[in-house]
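Here's the structure we're looking at; comments come further down.
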Amino acid sequence: MARTLNRPASHKRRRGPVPALAAGATALALAGTGLALFAGGANAAAGNLVANGGFDGSLGGWTCTGSASAVTTPVHSGSGALQATPGAADTAECTQTISVLPNTSYTLSAWVQGPYVYLGARGTGGTDPSSWSNQNSWNQLSSTFTTGASARSVTVYLHGWYGQSAYLADDVVLSGPGGTSTPSPTATPTVTPTPTPTATATPTATTTPTATATPTPTATATPTQTATPTPTATSTGNPTTGLPKHVVTGYWHNFDNKGNNLQKLSDVQSAYDIIAVSFADSVASRPGAITFKLDAELSAGLGGYTDAQFRADVKAKQAAGKKVILSIGGQNGAISVNDAAAAQAFTDTAYAVIKDYGFDGIDIDLENGVNPTQMGNALHSLQSKVGPGFVLTMAPETIGMYSTAGAYFQLALNTKDILTVVNTQFYNSGGMNGCDGKVYTQGTIDFITSQVCTQIQGGLRPDQVGIGVPASSKAAGGGYVAPSVVNNALDCLATGKNCGSFVPPAKWPTIRGAMTWSTNWDSVNGNSFSNTVGPFVHQMP
């Protein structure tokens with residue numbers, strides 16, 4: 001739901017802090033295209049192809065890893081539910097292989113609760129669905145998919161996240177016509193008892209999205225460190241934007257985040273080359289549509305900062321060589337582009353706002369799901385309207401760029417021809433596997449550089465990849481690093497110097513730069529980020 005001017009400050013959108021993820025290799029759970037969370041009732045059990053979808057009395061019909069059992073409380077309905085507890089190297093996955101018909105539409109749903117619980121299906125022969133939630137009360141996950149021409153069975157799965165507490169699932173339903181074959185039961189995955197898994201869903205070295213990656217640690221082979229899809233190119237990409245070769249991006253708060261310093265746009269530190277105005281609002285009556293206005297509470301807090309002053313500040317920043325763009329989404333953003341009508345609404349309204357305020361482009365920071373096809377179409381249409389100077393940035397959460405099967409990664413690849421930079425939020429992430437298959441902990445140089453490696457090996461040009469970090473320890477729930485660490489990470493990626501234990505398999509001298517949340521939090525922290533990272537980025541060759 002969009003922010004309204006009469007809401008209390010606690011309802012204002014912000015990017016952090018949010019709960020941190022733990023180490024693991026199942027980030028493709030964000031790979032679902034246009035999947036949604038529903039608050040309505042469960043699907044009718046009639047036509048349900050899942051055996052024992054209610055876990056009433058046993059785990060019969062299911063194959064589970066780790067600690068899993070049927071419990072009698074809490075349940076969503078009936079007399080039982082699944083309760084499973086992930087381990088350090090195990091997601092506590094439960095699977096069931098079900099006979100289906102080819103070229104047929106199916107709906108998969110389940111009621112779940114707990115930290116990072118995932119629902120999906122593999123082997124569909126088309127786009128395998130995957131959805132997830134992180135709620136302490138029962139909520140329904142649901143998605144639809146169409147089987148391929150040769151599909152005869154699919155494997156439905158539920159799982160949690162490495163090192164997190166137990167999750168619950170109940171009323172699992174696969175609706176659609178049953179197949180005629182007898183599927184072989186899914187073999188129980190073998191999990192090596194080690195806290196450092198070496199096999200992950202890390203993307204293979206290919207320039208196209210990998211739709212077959214699975215969320216188990218033994219799913220796919222880790223790419224070799226020498227297999228990079230892009231050379232150490234000197235292309236800067238998207239040169240018509242007028243940006244320098246290396247840039248610093250900062251988010252500016254169009255709201256009162258309480259605890260940070262309020263800024264006029266004119267107050268934004270001069271080191272920032274791209275200023276992302278945060279955030280646009282959704283239009284409740286028109287899916288996909290956006291609008292923007294200067295926040296009244298911010299205006300009052302700044303002693304009467306007016307819309308006219310803001311517009312003048314946009315022009316002044318641009319006159320100083322900066323790009324001012326409008327950020328879409330944020331932690332509580334409710335903008336959804338899941339069909340052609342919503343894509344058109346997004347294009348039309350985003351173009352209107354850009355023309356009205358003179359913004360240079362758009363930042364995509366949708367933290368509640370993204371449809372890479374429809375949003376990709378909308379962004380291409382928007383770019384064609386705005387023209388070649390259009391600036392397109394993205395700020396996905398780490399899990400969204402962990403695998404090419406992730407929806408955000410797919411969006412980045414789908415818009416690679418017009419994409420300026422992806423500044424992944426390398427925070428609020430826990431630990432994750434790097435491109436070498438080893439687990440690295442957030443808040444370290446190795447975490448940053450190994451995740452950047454994954455993105456470049458997944459098909460993005462180095463000049464389209466940046467480092468996203470919080471400007472202070474107060475700006476995120478975890479993952480803060482000192483600005484000097486950001487500089488060392490950039491130096492490591494560009495020259496191979498000042499690396500940690502992870503050394504990238506190639507040098508990427510065109511690495512684009514760094515981003516921070518936010519210019520306001522940077523101000524709170526004595527401008528440490530802009531004063532330290534800014535000069536370093538701008539002197540990079």
Side-chain angles (χ1 to χ4, degrees), residues 23-25 27 89 192 194-207 217 220-236 245-246 398-399 401-404 409 412 421-427 429-469 479-515 532-533 536-537 539-541:
T192 304
T194 170
T196 309
T198 57
T200 74
T202 304
T204 55
T206 171
T207 57
T220 62
T222 303
T224 60
Q225 287 200 353
T226 57
T228 56
T230 52
T232 56
T234 57
S235 166
T236 58
K245 184 177 180 181
H246 304 287
T398 313
I399 194 171
M401 295 295 294
Y402 187 78
S403 163
T404 53
F409 211 137
V421 62
V422 175
N423 294 303
T424 302
Q425 301 175 36
F426 291 130
Y427 48 95
S429 304
M432 286 187 173
N433 294 76
C435 65
D436 60 351
K438 297 180 180 179
V439 176
Y440 297 102
T441 303
Q442 68 172 356
T444 64
I445 186 174
D446 290 332
F447 182 85
I448 295 170
T449 54
S450 66
Q451 294 300 314
V452 167
C453 172
T454 293
Q455 294 174 19
I456 295 173
Q457 288 190 341
L460 293 179
R461 298 193 311 268
D463 63 272
Q464 293 178 313
V465 181
I467 293 171
V469 296
Y480 172 75
V481 295
S484 59
V485 175
V486 177
N487 291 351
N488 287 342
L490 288 169
D491 199 23
C492 173
L493 293 163
T495 70
K497 300 176 182 178
N498 291 315
C499 299
S501 62
F502 172 79
V503 178
K507 298 179 180 68
W508 298 302
T510 57
I511 193 75
R512 200 58 194 257
M515 170 276 283
T532 304
V533 177
F536 182 88
V537 168
Q539 62 80 38
M540 291 177 67

Practice problem: Start with the C-alpha gap between Ile448 and Tyr440, add the side-chain angles, then the distance that decides, and say whether side-chain contact (heavy atoms from CB on, under 4.5 Å) holds. | Solution: CA-CA 9 Å; Ile448 295 170; Tyr440 297 102; over 6 Å; no
Practice problem: Kindly determine whether Met401 and Leu460 satisfy side-chain contact (heavy atoms from CB on, under 4.5 Å), including the steps that lead there. | Solution: CA-CA 11 Å; Met401 295 295 294; Leu460 293 179; 3.8 Å; yes
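Proximity of a side-chain donor or acceptor of Thr444 to a complementary backbone N or O of Thr441 within less than 3.5 Å is detected. Within the 3.5 Å criterion, the main-chain N or O of Phe502 finds a donor-acceptor partner in the side chain of Asp446. The main-chain N or O of Phe536 is found under 3.5 Å from a side-chain atom of Gln539 such that the two form a donor-acceptor pair.
Across Ala412 and Val422, no two heavy atoms sit closer than the pair CB-CG2, 4.0 Å. Taking every heavy atom of both residues into account, Ile467 and Asn423 meet most closely at N-OD1, 3.9 Å. Taking both residues in full, the closest heavy atoms of Lys245 and Pro541 are given as NZ-O, 3.6 Å, listed atom of the first, atom of the second, then distance. Nearest heavy atom pair, residue Pro462 against residue Thr510, reads CB-OG1, 3.4 Å. Summarising the geometry of Val533 relative to Ala514, their closest heavy-atom pair is CG1-CB, 3.9 Å, with the distance given to 0.1 Å. Of all heavy-atom pairs between Gly431 and Val439, the closest is C-CG1, 4.5 Å.
Between Pro505 and Gln457 the shortest side-chain heavy-atom distance falls below 4.5 Å. Side chains of Met540 and Ile511 form a contact here, defined as non-hydrogen atoms less than 4.5 Å apart. Tyr402 has its side chain within reach of Asn433: a pair of non-hydrogen atoms, C-beta onward, lies under 4.5 Å apart.
Between atom CG of residue Asn498 and atom CG of residue Leu493 there is a gap of 11.5 Å, rounded to the nearest 0.5 Å. For the atom pair CH2 (Trp508) and CG (Asp463), the distance works out to 13.0 Å, reported to the nearest 0.5 Å. Atoms CG and CZ, on Leu490 and Arg512 in that order, are 13.0 Å from each other to the nearest 0.5 Å. Distance check: Gln442 CD to Met432 CE gives 9.0 Å after rounding to the nearest 0.5 Å. Between Phe426 atom CZ and Ile445 atom CD1 the span is 12.5 Å, to the nearest 0.5 Å.
Side-chain atoms of Thr424 and Gln455 form a donor-acceptor pair, as typed in the model, at a separation below 3.5 Å. Side-chain polar atoms of Thr495 and Asp491 form a donor-acceptor pair below 3.5 angstrom.
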